[in-house]
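Notes follow once the structure below has been shown.
Order of the sequence lines sets the chain letters (A, B, ...), proteins ahead of strands, with each chain counted from 1.
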Amino acid sequence: MNIVVCVKQVPDTAEVKIDPVTNTLVRTGVPNIMNPFDRQALEAALILKDANGATVTVISMGPPQADEILKEAIAMGADDAALISDRALAGSDTLATSFALAAAVKKVGAVDLVLCGKQAIDGDTAQVGPEMAEHLDIPQVTGALKIVADGAKLLVDRDNESSSQTIAVEMPALVTVTRAEKEPRFASIKGKMKAKKFVVPVWSAADLALDEKMIGLNGSPTKVAKIFTPPVHTIENEIINEEDPQKAVDLLFEKLVQAKIIVR
Amino acid sequence: MAITVDRDKCIGCEACVAVCPVGAIAMVEGKAEINQDTCISCGACISECPVEAISRGEVTKVEFEGAEDYKDIWVYIELDNAEPMHVAYELLGQAGELAAKSGQRCCAVLICKEAGDLPQKLFAAGADVVYLVEGEKYEDYNNELYTNAFCELANEYKPSAVLVGATADGRDFGPRIAARLKTGLCADCTALDIREDKIVEWTRPALGGNILATILCDVNRPQMGTVRPKVFKVKEFDASRTGELIKYAVKNEITARTQLVRKDVVASTGMCKIEDAEIICSGGRGMGCFDKFKHLEELAGLLGAAVAGSRAVVDEGWISHPQQVGQSGKTITPKVYFAFGISGSIQHIAGMHDSDVIIAINKDPNAPIFKVANYGIVGDVNLVLPKLIEKVKAFKES
């Protein structure tokens with residue numbers, strides 16, 4: 001099986017704080033990480049590789065320093081990697097990004113399965129995967145919790161709001177992953193050594209023969225009109241600072257009953 | 001395509017520095033300079049600059065022909081067990097308002113096995129037009145069959161804007177349609193408005209909910225967005241309302257390469273459907289361990305509440321993802337939200353701050369959760385929770 005995993009380097013949004021004085025984001029010192037859902041997708045690919053044998057190629061689109069996460073993927077067990085990096089791609093929205101990534105998948109060639117994380121934690125759109133599937137004209141399943149190979153098909157478990165499902169999908173296919181069946185593995189010593197020597201090939205827009213009307217800001221139908229910090233409304237509240245938990249609970253309980261929050 | 005500062009025009013007022021959401025602008029020798037590695041090309045600084053010293057590289061936007069032929073606001077009606085999901089009604093109400101404000105119609109798109117009385121329900125909920133695609137094969141949502149039907153319909157009747165609920169299936173469906181129609185899709189919106197020229201202003205949280213961004217899709221049509229459930233209120237039903245029903249037969253039939261082979265309906269116990277619960281007992285990593293987390297179920301049982309949790313406890317496997325509250329989980333607006341051992345990251349608060357009453361128990365007096373809480377106890381959850389359970393039990397029995 002020939003698997004491509006799409007990964008994105010993102011700021012660790014859990015580490016982003018708001019400067020209380022200027023009300024802007026403090027990004028200095030925020031580490032860049034492999035998007036956590038993409039790490040799950042990579043693990044899902046490696047599980048399939050362990051079970052059935054597969055070639056796993058990781059691709060990313062981003063600035064030159066994004067090769068760090070590709071090397072990390074190699075260390076975890078990926079076979080090959082490529083970075084799509086070009087100033088002409090800056091400002092791409094999901095449609096333009098998916099177009100460039102789909103072109104990279106075509107360049108890898110003869111791909112049976114494309115895996116992506118369910119969404120990236122910086123944009124949270126969950127759109128690039130399905131949009132890539134459309135550009136590649138292959139079926140998709142989103143939010144996978146388990147992927148099992150079954151001949152020329154995959155059986156993919158996913159949930160929606162009301163049910164737990166299994167979807168059978170013909171390959172080639174694109175699957176976005178919420179969670180792999182087990183925790184993403186750590187890099188092996190051998191993998192780390194391979195990653196150290198690995199030179200990540202960089203593909204430009206020209207290498208992928210991308211139409212400049214379809215990429216970057218030109219190929220992005222959406223544009224940001226304004227960005228603002230959510231208004232913080234401070235409320236009047238009653239916080240109990242009482243060392244004895246029994247007294248604290250009594251006080252809280254009284255207030256909750258008074259306010260008819262707890263009723264008989 | 002980078003955003004750059006014209007040093008000759010820059011007057012060093014620092015207005016751009018203050019407005020940059022990612023802190024990418026610094027003053028160098030009295031002039032603004034943009035760090036291209038951190039800049040996210042959002043353009044917030046461009047409009048802020050009083051002397052037009054900041055500009056974006058040349059953009060040769062591909063024109064979209066016939067945009068003026070695209071009219072009306074469509075809502076995709078997602079079904080659950082052959083009934084419209086709550087979010088479908090929420091979106092109809094909001095689409096109705098946007099339509100009225102811009103002189104357009106509010107239209108519902110219903111793809112199903114058998115419509116029955118659903119069109120009348122949709123008229124009552126605010127639809128002026130119902131587009132109906134009916135057939136045996138549409139019994140369950142199938143990405144390929146539904147996309148095929150929807151896009152044919154959209155190409156024929158040309159909507160100006162399309163709203164899709166940001167549910168699991170809606171977020172599977174929306175981007176597939178947007179890519180096929182080669183248009184923009186704004187994900188997971190939490191506020192919508194419309195200009196007189198029918199351009200929709202889509203507002204959504206970005207960067208993990210730390211900032212809000214208003215997005216436009218001002219050239220391509222249709223303009224599309226997925227919208228978070230529970231953001232808009234359902235309009236009062238008006239049973240006397242009627243509308244136009246357009247039955248559509250799909251011309252280009254396709255064979256799907258995906259097939260639903262198993263569907264286990266999740267039982268609606270207190271353990272799930274946190275978006276419908278009036279009271280939520282939610283726990284975070286501060287609960288300590290899975291066994292202690294289980295105590296929340298006892299309190300929830302006494303209060304008729306649902307159990308939820310933060311992303312941390314979903315990662316720990318103490319609860320499942322459908323019970324996660326926050327940016328990467330669900331947005332909920334219960335009457336009462338108990339937060340036990342949840343410090344209140346920005347991402348978590350984004351998902352629950354619209355609860356009517358928030359009660360927080362946390363040992364850290366500086367935990368951000370106390371900033372949004374109406375009531376709280378600074379203390380160890382594992383000492384407080386058992387006492388609270390006892391107290392509620394005694395009260396309910398008395």
Side-chain angles (χ1 to χ4, degrees), chain A residues 13-14 16 18 22 24-25 27 63 90-91 93 95 98 121-122 124-127 130-131 134-135 139-140 142-143 159-170 213 216-218 221-230 235 237-241 245-246 248-249 252-253 255 261-262 264, chain B residues 1-2 18 21-23 38 41-44 59-60 62 80 143-144 167-169 171-172 175-176 179-180 183-188 207-208 210-217 220 257-266 322 336 357 370 373-379 383-384 387-388 391 396:
Chain A
T13 51
V16 176
I18 301 270
T22 61
T24 56
L25 298 184
R27 294 234 295 190
D93 71 359
L95 191 69
S98 60
I121 60 168
D122 57 345
D124 282 314
T125 72
Q127 286 175 191
E131 292 187 336
E134 174 61 23
H135 297 312
Q140 73 186 51
T142 54
D159 287 346
N160 67 9
E161 280 72 7
S162 61
S163 65
S164 153
Q165 318 174 330
T166 302
I167 291 177
V169 56
E170 290 171 22
K213 289 199 192 83
L217 288 171
N218 292 334
T222 60
K223 66 177 187 204
V224 180
K226 80 177 166 190
I227 282 200
F228 53 105
T229 323
I235 52 162
N237 59 13
E238 300 183 50
I239 307 299
I240 300 159
N241 247 314
Q246 186 65 57
V249 167
L252 175 69
F253 190 80
K255 289 180 199 299
I261 292 164
I262 292 180
R264 272 196 186 90
Chain B
M1 237 66 82
V22 294
T38 34
S41 303
C42 72
V59 181
T60 47
V62 186
D80 176 19
N143 177 275
E144 293 171 278
T167 58
D169 288 350
R171 297 180 88 191
D172 183 85
R176 189 81 194 207
R180 187 159 306 174
T183 192
L185 173 64
C186 185
D188 235 8
L207 285 172
N210 294 297
I211 51 176
L212 292 171
T214 300
I215 316 271
L216 307 178
C217 174
N220 297 50
R257 296 162 288 185
T258 43
Q259 198 193 350
L260 182 66
V261 293
R262 178 185 65 93
K263 183 170 94 172
D264 295 327
V265 175
V266 181
V336 186
V357 177
F370 287 124
N374 305 80
Y375 302 96
I377 293 179
V378 177
L383 297 176
V384 170
K387 302 230 180 293
L388 188 60
K391 195 90 189 167
K396 293 267 178 188

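- Of the atoms belonging to A:L252, it is side-chain heavy atoms, and not backbone ones, that fall under 4.5 Å from chain B.
- Contacts with chain B were tallied for A:V249, A:V169, A:I262; A:V249 has the most, counting heavy-atom pairs under 4.5 Å.
- Looking at B:V261, both its backbone and its side chain come within 4.5 Å of chain A, counting heavy atoms on both sides.
- Counting heavy-atom pairs closer than 4.5 Å to chain A, the top-ranked of the candidates B:L216, B:V357, B:L388 is B:L216.
- Ranking A:A168, A:P63, A:A248 against chain B, the residue ahead of the rest is A:A168, based on heavy-atom pairs under 4.5 Å.
- The closest donor-acceptor contact from the side chain of A:N237 to the backbone of B:F370 lies under 3.5 Å.
- Counting heavy-atom pairs closer than 4.5 Å to chain A, the top residue among B:G184, B:G376, B:A187 is B:G376.
- Summarising the geometry of B:L260 relative to A:Q165, their closest heavy-atom pair is CD1-CB, 3.7 Å, with the distance given to 0.1 Å.
- For B:E144, the part sitting under 4.5 Å from any heavy atom of chain A is the side chain, from C-beta outward, and nothing else.
- Interface remark: B:D80 contributes side-chain atoms only to the contact with chain A (heavy atom separation under 4.5 Å).
- Between A:Q140 and B:N143 there is a side-chain heavy-atom pair separated by less than 4.5 Å.
- At distances below 3.5 Å, not a single donor-acceptor pair connects side-chain atoms of A:N160 with backbone N or O atoms of B:D169.
- Summarising the geometry of A:L95 relative to B:A179, their closest heavy-atom pair is CD1-CA, 3.8 Å, with the distance given to 0.1 Å.
- Looking at B:V384, both its backbone and its side chain come within 4.5 Å of chain A, counting heavy atoms on both sides.
- Counting heavy-atom pairs closer than 4.5 Å to chain A, the top-ranked of the candidates B:P175, B:G379, B:A213 is B:P175.
- The CD1 atom of B:I377 sits 10.5 Å away from the NZ atom of A:K255 when rounded to the nearest 0.5 Å.
- Proximity of a side-chain donor or acceptor of A:Q246 to a complementary backbone N or O of B:K387 within less than 3.5 Å is not detected.
- Here the closest heavy-atom approach between residue B:V378 and residue A:N241 is recorded as CB-OD1, 3.3 Å.
- Among all heavy-atom pairs drawn from A:I239 and B:A373, the shortest one is CD1-CB, 4.5 Å.
- In terms of heavy-atom pairs under 4.5 Å with chain B, the best-connected choice from A:I167, A:I261, A:I240 is A:I240.
- B:R171 places none of its side-chain heavy atoms less than 4.5 Å from the side chain of A:P130.
- Rounding to the nearest 0.5 angstrom, the gap separating the CZ atom in B:R262 from the OG atom in A:S163 is 8.5 Å.
- Here the CD1-NZ distance, from B:I215 to A:K223, works out to 11.5 Å after rounding to the nearest 0.5 Å.
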Mind running side-chain contact (heavy atoms from CB on, under 4.5 Å) on A:Q127 and B:L185 for me, showing each step along the way? CA-CA 8 Å; A:Q127 286 175 191; B:L185 173 64; 3.2 Å; yes
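- When all heavy atoms of B:A168 and A:T142 are compared, the closest pair comes out as O-OG1, 4.5 Å.
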